[in-house]
Amino acid sequence: QVHLIESGGGLAQAGDSLRLSCAASGRTFSTSGLGWFRQAPGKERAFVATTSWAGLHTYYADSVKGRFTISRDNAKNTMYLQMNNLKPEDTGVYYCAADSTGNGGAGAALYDAWGQGTQVTVSS
C-alpha cells in the first residue's frame, strides 16, 4: 500500500503557474500508475492527468491538455503536476492517486490509494 500527500496548492491569478507535488511512502510507488484528479465546488471528482509506472505513457483531460504536465521521479517517490496558464475553471481540490496495477488511467475506480487533496484557487 502507498500513502500519498499532496502539496503546492494555493491562490493564483489567471495566467499564473503552480506546481503540485505528491509525495509517497511505501514500497509500491515505483510500480504504481499515478493520476491527478480535481473536484470543483458542487461537482464530482474529475480526471486531470495520468502517468504509467515508468512515466512512459501520459494522458490528459482535454481541458488541461497543452497547459498541464504530469511527471514523476521514482527515485524521490514523488509525482508532480506543472500547471501553466491557469484559468478560473481550474479551481478545485486536487487529489493524487495511485494504481497498484501500474497502468493508471482516467477512471477514478482504477485507483486504490488517494491523498487528502490540496486546494487550488484561481481568480480572474
Side-chain angles (χ1 to χ4, degrees):
Q1 186 69 13
V2 61
H3 181 61
L4 305 171
I5 301 176
E6 303 94 337
S7 62
L11 299 175
Q13 293 188 331
D16 284 351
S17 297
L18 284 175
R19 188 175 81 156
L20 304 184
S21 297
C22 175
S25 60
R27 294 175 293 176
T28 62
F29 177 85
S30 62
T31 59
S32 295
L34 301 173
W36 286 100
F37 289 76
R38 66 187 180 190
Q39 188 165 16
K43 295 187 177 181
E44 295 186 352
R45 194 171 299 189
F47 167 74
V48 175
T50 183
T51 178
S52 59
W53 68 273
L56 297 179
H57 302 285
T58 59
Y59 179 68
Y60 298 89
D62 287 343
S63 59
V64 306
K65 201 171 296 183
R67 300 187 298 121
F68 290 12
T69 302
I70 188 172
S71 62
R72 65 188 296 165
D73 185 339
N74 285 344
K76 296 182 178 180
N77 273 14
T78 304
M79 173 177 65
Y80 305 97
L81 185 69
Q82 177 67 43
M83 306 186 294
N84 297 330
N85 191 21
L86 283 163
K87 302 177 179 181
E89 51 263 42
D90 294 321
T91 294
V93 178
Y94 282 69
Y95 299 90
C96 63
D99 162 29
S100 59
T101 70
N103 297 316
L110 296 171
Y111 297 86
D112 44 27
W114 292 83
Q116 293 299 307
T118 185
Q119 176 71 45
V120 172
T121 303
V122 183
S123 61
S124 59

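Just so it is clear, the values below take in all heavy atoms, side chains as well, and ignore hydrogens, waters and symmetry mates.
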Please round to the nearest 0.5 Å and tell me the distance separating atom [atom1] of [X] and atom [atom2] of [Y].
X: Gln116; Y: Ser7; atom1: CD; atom2: OG; answer: 13.5 Å
X: Glu89; Y: Arg38; atom1: CD; atom2: CZ; answer: 8.0 Å
X: Gln119; Y: Leu11; atom1: CD; atom2: CG; answer: 8.5 Å
X: Ser21; Y: Gln82; atom1: OG; atom2: CD; answer: 9.5 Å
X: Asn103; Y: Thr50; atom1: CG; atom2: OG1; answer: 9.0 Å
X: Ser71; Y: Arg19; atom1: OG; atom2: CZ; answer: 7.0 Å

Backbone of [Y] reached by a side-chain donor or acceptor of [X] within 3.5 Å:
X: Arg67; Y: Asn85; value: yes
X: Asp99; Y: Trp53; value: no
X: Tyr111; Y: Gly105; value: yes

Problem - Shortest non-hydrogen contact between Pro88 and Ala14, atoms and distance - result: CD-CB, 4.2 Å
Completion exercise
Looking only at heavy atoms, the pair that brings Ser52 and Leu56 closest together is OG-N, 3.5 Å
Exercise for the section: Indicate yes or no: does Lys87 engage Asp90 in a salt bridge with an N to O separation below 4.0 Å. Expected result: no
Exercise for the section: Could you tell me whether Arg45 sits above the aromatic face of Phe37, with NZ or CZ closer than 6.0 angstrom to the six-membered ring centre and within 45 degrees of the axis? Expected result: no
Handout entry: Apart from Leu18 itself, residues in the same hydrophobic cluster as defined by side-chain heavy atoms under 4.5 Å
Key = Val2, Leu4, Leu20, Phe29, Leu34, Trp36, Val48, Tyr60, Val64, Phe68, Ile70, Met79, Leu81, Met83, Leu86, Tyr94, Val120, Val122
Practice task
Take atom NZ of Lys65 as the centre, draw a 6.0 Å sphere, and report whether it contains more than 12 heavy atoms from other residues, nucleotides or ligands.
Solution key: yes
Handout entry: The single option from Asp112, Thr31, Leu110, Thr28 passing side chain to side chain contact (heavy atoms under 4.5 Å, CB included) against Ser100
Key = Asp112
